[in-house]
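Accompanying notes for the structure given below.
The structure displayed is predicted, hence computed values, not measured ones. In what follows, chains carry the letters A, B, and so on, assigned in the order in which the sequence lines appear, proteins first and then strands, with residues in each chain numbered from 1.
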Amino acid sequence: MEPTDDKQLMRSVAAGDRQALKALYERHADFVFRTAYRFLFDQEDARDITQSVFVTVMQTAHRYKPEAKLTTWLYRVVVNRCLNHRSKANHRLRGSQNEPDHLERVPAPEENQPDRLMERAEQMARLRNALLQLPERQRMALVLKRFEEMSYEEIAEVLGCSKSSVESLLFRARQSMKKFFCE
Amino acid sequence: MRCFRARSWLFAYLDGELSERRRAALEDHLMRCSRCSAELCSSKKQWAGLANVGPAPSIPSDLWGHVIQALNEAERLPWYRLHRVQIFRAACVTACVALGFVSGALLSWRGPPADSVRPEISVSEEMLVAEAFDATAFGLGQEKEGLLRCIPK
Ligand SMILES: [Zn+2]
């Protein structure tokens, strides 16, 4: 859909129209949920964040200025929610030493080979933990670049920093992950 | 170009974020430096390897219902559970209204009302008193004395 449609919907949302909010939800909730999940690797947290983001959209729609792209504004809300949410997720992670809700089924052709499946699950858990060790802003930049394929400029807008800061965040994140892959 | 510089540009190169000039310089270096080429190769592999983090689950189908429920609950919140910003805004509005009332009252107040000093005498009656006083003081006639008698004490 065109961004102008988003703006029109936001005007209706600001007037209290829940159908317009639903239309926005249908358009953007996947991104919100996916990003929150990839940042925290916790379905419950991703649910909470998605829910609270859309409640916030409804409550603060009147403050949205149509000069800004809605996605930028929305992604900022998501990113801030994720960055503020980490303590809860980390706490849960420390409390129960299980990997985040992690080990949902990984699609694999060799699923009938339990050893292979186990190995894959372990590899995935290790990788997720390595990502969770990254400083939050590095991790968010990495998620937005690797999984959402956003440009440096878009990430900079969402994180509220310069393009060169994004480059530096991604550089440091990749250097850290390189250690993980080389181990 | 030195290897150190080339390495610092590799990720931006992979992301397609290098300027034309830098890209050309890096590609030129990569053609001649096997170590940096190998580094580029492994960076590509690691970037692709992040896919092993697994797929994100699809969004729960009942989540919209929870959003609506949360909105309904937020609308029913007692004042002390509102967000701090909402409380602050409400406090500001109340303060402004109160200020308006107080300043309005102050502006329209012109000292203690006249009747607290001399009750029951209106402006026109005062004029009559003055006229009557003049009349008696200067002996100008009976009509004015009659007027004085009509005025309530
Ligand atoms: Zn080199």
Side-chain angles (χ1 to χ4, degrees), chain A residues 18 21-22 25-26 29-38 41 43 46-48 50-60 101-107 120-121 123-128 130-131 142-143 145-147 149 151-153 163 166-167 170-171 173-175 177-178 180-182, chain B residues 4-19 22-23 26 36 38-77 81-90:
Chain A
R18 288 188 178 183
L21 183 72
K22 192 176 185 198
Y25 176 90
E26 280 163 2
D30 273 338
F31 166 83
V32 177
F33 183 78
R34 216 167 47 223
T35 302
Y37 180 79
R38 289 216 165 103
F41 296 117
Q43 284 202 55
R47 256 184 94 104
D48 288 354
T50 310
Q51 183 182 311
S52 86
V53 162
F54 283 94
V55 170
T56 303
V57 168
M58 187 75 183
Q59 289 174 338
T60 58
D101 60 26
H102 281 164
L103 303 177
E104 335 76 65
R105 295 163 70 80
V106 189
R120 282 176 67 92
Q123 186 195 18
M124 183 166 86
R126 276 203 314 276
L127 181 55
R128 288 179 174 198
L131 284 169
L142 191 83
V143 167
K145 182 70 217 165
R146 177 62 182 84
F147 300 104
E149 296 177 354
S151 69
Y152 287 8
E153 195 170 351
K163 259 176 84 173
V166 172
E167 190 176 345
L170 283 169
F171 184 86
R174 278 154 145 161
Q175 290 290 75
M177 291 311 290
K178 197 163 131 186
F180 167 80
F181 282 113
C182 292
Chain B
F4 175 77
R5 169 67 52 182
R7 302 283 168 98
S8 72
W9 288 354
L10 280 185
F11 295 135
Y13 174 69
L14 283 175
D15 292 338
E17 298 270 357
L18 271 193
S19 68
R22 286 186 176 186
R23 193 173 60 81
L26 180 64
C36 285
E39 184 69 22
L40 178 72
C41 221
S42 80
S43 295
K44 262 186 195 167
K45 273 188 199 149
Q46 285 160 17
W47 195 238
L50 285 174
N52 289 332
V53 83
S58 46
I59 192 164
S61 54
D62 62 344
L63 193 47
W64 171 248
H66 286 270
V67 172
I68 288 297
Q69 203 180 322
L71 280 172
N72 290 340
E73 276 166 21
E75 280 170 12
R76 278 199 303 268
L77 276 185
R81 291 202 47 207
L82 290 174
H83 192 266
R84 257 175 295 169
V85 174
Q86 288 168 292
I87 293 176
F88 180 71
R89 204 182 300 151

Counterpart residues, side chain to side chain donor-acceptor pair (under 3.5 Å), relative to Arg47(A) (two or more places apart): Asp62(B), His66(B)
Smallest separation among heavy atoms of Met124(A) and Gly54(B), with atom names: SD-CA, 3.7 Å
Between Trp64(B) and Glu26(A), does the side-chain contact (heavy atoms from CB on, under 4.5 Å) criterion hold? Intermediate values first, please. CA-CA 9 Å; Trp64(B) 171 248; Glu26(A) 280 163 2; over 6 Å; no
Contact origin within Tyr152(A) toward chain B - heavy atom pairs under 4.5 Å: both
Using non-hydrogen atoms and a 4.5 Å limit, figure out which bit of Ser151(A) sits close to chain B: side chain, backbone, both or neither. both
Please classify the contact between Lys163(A) and chain B as side chain, backbone, both or neither, with a heavy-atom cut-off of under 4.5 Å. side chain
Pick from Val53(A), Thr50(A), Val55(A): which one has the most heavy-atom pairs with chain B under 4.5 Å? Val55(A)
Heavy-atom pair of closest approach, residues Ala48(B) and Arg146(A): O-NH2, 3.4 Å
Of the non-hydrogen atoms in Arg38(A) and Ala56(B), which two are nearest, and what is the gap between them? NH2-N, 3.5 Å
Donor-acceptor check, side chain of Gln51(A) to backbone of Ala70(B), threshold 3.5 angstrom: yes or no? no
Non-hydrogen atoms of Tyr25(A) and Pro60(B) that approach each other most closely: OH-O, 4.5 Å
For Ser58(B), which atoms come within 4.5 Å of any heavy atom of chain A: side chain, backbone, both, or neither? backbone
Any salt bridge linking Arg22(B) with Glu167(A)? Criterion: basic side-chain nitrogen under 4.0 Å from a carboxylate oxygen. no
Among Gln123(A), Lys22(A), Glu149(A), which residue forms the greatest number of heavy-atom pairs with chain B at distances under 4.5 Å? Lys22(A)
Roughly how far, to the nearest 0.5 Å, is CG of Asn52(B) from CZ of Arg126(A)? 10.5 Å
Going through the distances and angles, do Arg128(A) and Val53(B) end up as a side-chain contact (heavy atoms from CB on, under 4.5 Å)? CA-CA 6 Å; Arg128(A) 288 179 174 198; Val53(B) 83; 3.5 Å; yes
Contact class of Leu131(A) relative to chain B, heavy atoms under 4.5 angstrom: side chain
Value for CG (Leu50(B)) from CZ (Phe147(A)), rounded to nearest 0.5 Å, stands at 5.5 Å
Between Leu142(A) and Trp47(B), is any pair of side-chain heavy atoms under 4.5 Å apart? yes
Does Arg174(A) reach the side chain of Gln46(B), with side-chain heavy atoms less than 4.5 Å apart? no
Given Ile68(B) and Phe54(A), is the side-chain contact (heavy atoms from CB on, under 4.5 Å) satisfied, shown in steps? CA-CA 9 Å; Ile68(B) 288 297; Phe54(A) 283 94; over 6 Å; no
Run the side-chain contact (heavy atoms from CB on, under 4.5 Å) test on Ile59(B) and Phe31(A) for me, step by step, so that the C-alpha distance in whole Å, both residues' side-chain angles and the decisive distance to 0.1 Å come before the verdict. CA-CA 9 Å; Ile59(B) 192 164; Phe31(A) 166 83; over 6 Å; no
Within the structure provided, determine whether Phe11(B) and Gln175(A) are in side-chain contact (heavy-atom separation under 4.5 Å). yes
Between Gly49(B), Ser42(B), Ser43(B), which has the largest tally of heavy atom pairs under 4.5 Å with chain A? Gly49(B)
Output the option from Glu17(B), Lys45(B), Gln69(B) having the highest count of non-hydrogen pairs under 4.5 Å with chain A. Glu17(B)
